[in-house]
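Below is one structure, written out as structure tokens; the observations come after it.
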Number of protein chains: 2
Amino acid sequence: MDVATLSALAEPNRLQMVELLRDGPLTVGEIADQLGIRQPQASKHLKVLNEARIVDVRPQANQRIYNLRPEPLQDMQIWIQSFRRLWEDRFDRLDAYLEELQKENPTE
Amino acid sequence: MDVATLSALAEPNRLQMVELLRDGPLTVGEIADQLGIRQPQASKHLKVLNEARIVDVRPQANQRIYNLRPEPLQDMQIWIQSFRRLWEDRFDRLDAYLEELQKENPTE
DNA sequence: GAAGAATATACCGATGCGGGAATATTGTTG
DNA sequence: CAACAATATTCCCGCATCGGTATATTCTTC
């Protein structure tokens, strides 16, 4: 899992931006409006998201249209899935069994 | 989605700790060893993870055993799933259709 | 209760991040 | 090319965070 993705998302405005963009591409101005922040901060946060490859930009006339890229979030999903057994009951018996093995034959 | 979870994970040592704990509970000393960091930093990072409710602790004799809690990661999984359509092809036609509608009847 | 092991906490210094304000850049239109 | 709109960049400041080191706390054992 890439720390860059997590730290890009670990900021309230940027997280909200990503959630806004979930419903489709938006302009810098639109994003700033919706979040109630000033344009320069919007640009700065979008720059961070862009450098983390979470969004991409395409110029259109005077404006820049930001859009979500799938890869980083998809990577997150894959990473998260490696923890599935934490919240899935059906492995309980297997867990107990493996822990039992562990005790009998410790790795170190 | 909770920013606290993301910012707790957005630090390399803490991310590694969580990955270590995926395979079972560990002691502070064990964690510090595996990551090659000093004990005080390990304790500090574990405190952050604990405050984000990503781990819990149980004392056992002289030591403290840290363990993963499912909820925050599970919440992340749920959040991530709201972006599924980003990387699932089967909505391509629907996407194109919606974008077409957008052009004909712009929101603003 | 003294000594030692495991862990937590406090303090310090360096660095980075976020917001504010001003300004630069780029594109459009008359 | 002048004026304007949309966006990016720069500079400054206050604050949080991280690592290092020292010290405190807690538990165990003799």
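All values derive from a computational prediction rather than experimental measurement. All chains are named by letter (A, B, ...) in the order of the sequence lines, taking the proteins before the strands, and each is independently numbered beginning at 1.
- Under a 3.5 Å cut-off, the side chain of R64(B) and the backbone N or O of V57(B) do not form any donor-acceptor pair.
- Ranked by how close their nearest DNA chain D nucleotide is to the 5' end, A61(B) and Q39(A) are led by Q39(A).
- The P40(A) side chain lies nearest to dA22(C) when the options are dT9(C), dA22(C), dG18(C).
- Rounded to an integer number of Å, the gap from E11(A) CD to dT17(D) P is 13 Å.
- Atom NZ of K47(B) and atom P of dA8(C) are 10 Å apart (whole Å).
- Here Y66(B) reaches the OP1 or OP2 of dA8(C): one of its side-chain N or O atoms lies under 4.0 Å away.
- At a threshold of 4.0 angstrom between heavy atoms, the contacts of P59(B) with the nucleic acid are absent.
- Of the candidates dT26(D), dG20(C), dC18(D), the closest approach to any side-chain atom of R14(B) belongs to dC18(D).
- Side-chain atoms of Q41(A) and base atoms of dG18(C) include no donor and acceptor less than 3.5 Å apart.
- At distances below 3.5 Å, not a single donor-acceptor pair connects side-chain atoms of R69(A) with backbone N or O atoms of D56(A).
- Atom CG in L49(B) sits roughly 16 Å away from atom C1' in dT7(C) (whole-Å rounding).
- When heavy atoms are screened at a 4.0 angstrom cut-off, Q63(B) is found touching the sugar-phosphate backbone but no base atom.
- Distance K44(B) NZ to dC11(C) C1': 9 Å, rounded to the nearest Å.
- With DNA chain C read from its 5' end, the first of the two nearest nucleotides for I37(A) and R64(A) is the one closest to I37(A).
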